[in-house]
Amino acid sequence: MIVHLGRRSGIALVAAAALAAASFALMFEVEISREYVEARLVELSWGEGEGQIPVRISRDGTAFGLRCFCTDRTGAVYAADWERGRVLKFDTAGQLVATIDVGRRSVGADDMAVSPSGDILLADNSAPEVLRIPWESAPVVIWSGKSGTRDISTVEWVRAGDQGTVYISIAALGEDGLHRRLIRVGERGNQETVASFTVTPSGESSWTGFTGRPDGPAVCFQLSRRGGFFVGQEVIASPTGNVRRYGWDGKPRAEYRVDVRTTPAVVSLLGDDLAGRLYVGLDLGTGRGEVVVCDGGDAPAARIPAPFASKVRCSVYARVDADGTVHLADAGVHGAAIRSLVPRRRMLIAKR
């Protein structure tokens with residue numbers, strides 16, 4: 001339809017359309033939200049057969065089946081068979097395509113990642129050590145926590161950086177308090193501490209590698225895909241908490257507000273996507289677990305339910321990809337499942 005603005009009827013039509021639009025804007029508002037829908041499901045059963053994972057009891061009496069999992073850049077899923085020292089690889093259709101031997105009969109697989117070159121990075125807390133597992137050669141230890149001291153070291157997570165670098169979060173408990181370090185391991189094995197945090201038994205804290213006083217008595221680290229790293233509260237005891245992203249120079253780059261429904265809440269920093277959204281796990285591994293998606297605004301961009309009620313525990317309950325796909329682990333009597341949830345934008349028209 002062509003409106004001739006030189007005619008009175010055309011001017012009246014445009015004026016009426018503008019008036020209708022203004023009235024609509026006064027009465028209604030358009031809300032854009034993010035929802036997550038299941039796009040893929042990887043299932044595996046408990047047992048001793050091919051493609052199965054046995055359920056075993058750890059030294060502290062915890063039953064583990066699927067201990068940890070991760071994904072690579074193609075969307076393939078890797079699941080750790082910690083009892084038999086293997087990693088199972090599933091393709092994007094959920095089919096088992098490879099079984100990788102980690103070189104150890106039993107391994108305390110608490111986290112793993114896949115490097116851009118395809119090597120598997122595995123945190124073995126029975127040692128404690130971090131292994132690099134190439135496809136065509138023997139596994140190599142790239143970090144070891146065997147210090148000869150009475151400190152108890154635990155690898156919290158391992159991530160792959162660019163150009164062969166590896167980032168590791170270490171927690172060490174000693175007589176002088178809790179020490180948490182973010183370590184960078186270079187391609188040639190050289191190591192450096194990027195950031196650290198220490199809290200003494202009396203509650204005094206100190207930190208290196210980033211500026212500004214942390215919000216909580218203990219903090220956790222996570223690598224950022226946009227460069228630098230995140231620092232967040234380990235436990236949020238108030239309705240809101242803050243997570244900050246720092247550059248490699250230790251200066252703050254961004255801040256995210258995390259709304260908590262039930263306090264106190266145990267925090268797991270899952271990481272960010274390439275669009276800059278931060279994904280925070282709250283009370284993962286419990287019946288009230290959820291993943292909160294933060295984009296820097298006053299309210300969460302999305303909240304993803306992630307309840308977990310099984311007695312067969314995991315060390316990793318959730319992961320996030322660079323494109324914002326969220327992967328959630330679940331378990332039951334007969335086996336485990338990894339659900340992949342993809343984001344979709346949704347527009348709602350609501351009355352003001």
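What you are looking at is a predicted structure, and each value in this text was computed from that prediction instead of being measured.
- Rounded to the nearest 0.5 Å, atoms OG (Ser153) and NE2 (His179) are 9.5 Å apart.
- Each of Val293 and Leu278 belongs to its own hydrophobic cluster when Ile, Leu, Val, Met, Phe, Trp and Tyr are linked at side-chain heavy-atom distances under 4.5 angstrom.
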- Run the salt bridge (charged side-chain N to carboxylate O under 4.0 Å, His left out) check on Asp259 and Arg261 step by step: do they pass? CA-CA 7 Å; Asp259 289 336; Arg261 289 176 173 171; over 6 Å; no
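- By the 4.5 Å side-chain criterion applied to Ile, Leu, Val, Met, Phe, Trp and Tyr, Val266 is assigned to no cluster and stands alone.
- The salt bridge (Lys or Arg N to Asp or Glu O under 4.0 Å) search around Glu136 returns none, not counting sequence neighbours.
- Nearest heavy-atom pair across Arg84 and Gly49 is NH2-O, 3.9 Å.
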- Kindly determine whether Thr211 and Tyr246 satisfy side chain to side chain contact (heavy atoms under 4.5 Å, CB included), including the steps that lead there. CA-CA 9 Å; Thr211 60; Tyr246 293 87; 4.3 Å; yes
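- Within a 6.0 Å sphere centred on CG of Asp249, other residues, nucleotides and ligands contribute more than 12 heavy atoms.
- The main-chain N or O of Ser310 is found under 3.5 Å from a side-chain atom of Arg313 such that the two form a donor-acceptor pair.
- Residues satisfying the side-chain contact (heavy atoms from CB on, under 4.5 Å) criterion with Val97, sequence neighbours excluded, are Lys89, Asp91.
- Judged by distance alone, with hydrogens and angles left aside, the side-chain atoms of Arg225 form a donor-acceptor pair with the main-chain N or O of Asp272 at under 3.5 Å.
- Residues satisfying the side chain to side chain donor-acceptor pair (under 3.5 Å) criterion with Thr92, sequence neighbours excluded, are absent altogether.
- Cluster partners of Val42 are Leu44, Trp46, Ile53, Val55, Leu66, Phe69, Val77, Leu88, Phe90, Leu96, Val312, Val316, Ile338, counting Ile, Leu, Val, Met, Phe, Trp and Tyr whose side-chain heavy atoms approach within less than 4.5 Å, directly or via other members.
- Side chain of Ser58 to backbone of Thr62: a donor-acceptor contact under 3.5 angstrom is found.
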- Task: Given side chain to side chain contact (heavy atoms under 4.5 Å, CB included), test Leu328 with Asp330 step by step and report yes or no.
- Result: CA-CA 7 Å; Leu328 300 176; Asp330 201 357; over 6 Å; no
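- With sequence neighbours excluded, the residues that form a salt bridge (Lys or Arg N to Asp or Glu O under 4.0 Å) with Glu156 are Arg180.
- The only option from Val280, Thr240, Ile236 that meets the side-chain contact (heavy atoms from CB on, under 4.5 Å) definition with Val260 turns out to be Ile236.
- Taking all atoms of both residues into account, the shortest heavy-atom contact from Val158 to Leu121 is CG1-O, 3.8 Å.
- In terms of modelled atom types and a separation under 3.5 Å, the side chain of Gln222 and the main chain of Leu269 share a donor-acceptor contact.
- The hydrophobic cluster containing Val292 also contains Val243, counting ILVMFWY residues as joined when their side-chain heavy atoms lie under 4.5 angstrom apart, directly or transitively.
- Shown here are the salt bridge (Lys or Arg N to Asp or Glu O under 4.0 Å) partners of Arg132, two or more places apart in sequence or in another chain: Asp119.
- Under the rule for a side-chain contact (heavy atoms from CB on, under 4.5 Å), the partners of Ala39 that lie at least two apart in sequence or sit in another chain are Val342.
- A chain of hydrophobic side-chain contacts below 4.5 Å, direct or via other Ile, Leu, Val, Met, Phe, Trp or Tyr residues, connects Val267 to Phe230.
- Note that the CZ atom of Arg86 and the OG atom of Ser106 stand 12.5 Å from one another [nearest 0.5 Å].
- A search for side-chain contact (heavy atoms from CB on, under 4.5 Å) contacts involving Ala127 returns Arg104, Asp124, Glu129, Lys146, not counting sequence neighbours.
- Looking at heavy atoms from C-beta onward, Arg213 lies in side-chain contact with Ser205 at the 4.5 angstrom threshold.
- Checking Thr154 against Asn125 by side-chain atom types alone, no donor-acceptor pair falls below 3.5 Å.
- Pairing each heavy atom of Phe210 with each of Ala195, the nearest pair is CD2-CB, 4.1 Å.
- In this structure Asp283 satisfies the salt bridge (Lys or Arg N to Asp or Glu O under 4.0 Å) test together with Arg288, sequence neighbours excluded.
- Of the possible polar contacts, none joining the Arg181 side chain to the Ala172 backbone as a donor-acceptor pair under 3.5 Å is found.
- A continuous path of hydrophobic side-chain contacts links Val326 to Leu270 [ILVMFWY only; heavy atoms under 4.5 Å].
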- Worked verdict on Ser45 versus His334 for side chain to side chain contact (heavy atoms under 4.5 Å, CB included): CA-CA 6 Å; Ser45 58; His334 303 291; 5.8 Å; no
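- Contact detail for Tyr167 and Thr165: the closest heavy-atom pair is CE1-OG1, 3.7 Å.
- The number of heavy-atom neighbours closer than 6.0 Å to CD of Glu38, taken from other residues, nucleotides and ligands shown, is above 12.
- Distance CZ/Arg319 to CH2/Trp157: 10.0 Å, rounded to 0.5 Å.
- Distance CG/Asp162 to OG/Ser115: 11.0 Å, rounded to 0.5 Å.
- Atoms CZ and CG, on Arg245 and Leu223 in that order, are 11.0 Å from each other to the nearest 0.5 Å.
- Remark: Gln163 CD to Ser117 OG distance equals 12.5 Å, nearest 0.5 Å.
- Pairs engaging residues 64-75 under the side chain to side chain donor-acceptor pair (under 3.5 Å) rule: Arg67-Asp110, Thr71-Asp321, Asp72-Thr74, Asp72-Tyr78 [sequence neighbours left out].
- Aromatic rings from Trp207 and Phe221 are positioned such that their centres are separated by 6.0 Å or more.
- Looking at every heavy atom in both residues, Phe197 comes nearest to Pro214 through CE1-CG, 3.7 Å.
- Note on residues 279-317: pairs passing ring pair (Phe, Tyr, Trp, His ring centres under 6.0 Å), not counting sequence neighbours, are Phe308-Tyr317.
- The nearest pair of heavy atoms linking Leu284 to Ala306 is CD2-CB, 4.1 Å.
- Linking ILVMFWY residues whenever their side-chain heavy atoms come closer than 4.5 Å, directly or via other members, places Val155 and Ile183 in the same cluster.
- With hydrogens and angles ignored, the 3.5 Å screen pairs no side-chain donor or acceptor of Trp143 with any backbone N or O of Val185.
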- Task: Given side chain to side chain contact (heavy atoms under 4.5 Å, CB included), test Arg159 with Phe229 step by step and report yes or no.
- Result: CA-CA 12 Å; Arg159 296 287 185 271; Phe229 58 95; over 6 Å; no
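- With hydrogens and angles ignored, the 3.5 Å screen pairs no side-chain donor or acceptor of Arg56 with any backbone N or O of Trp82.
- Contact check for Arg244 versus Val219: no side-chain heavy atoms found under the 4.5 Å cut-off.
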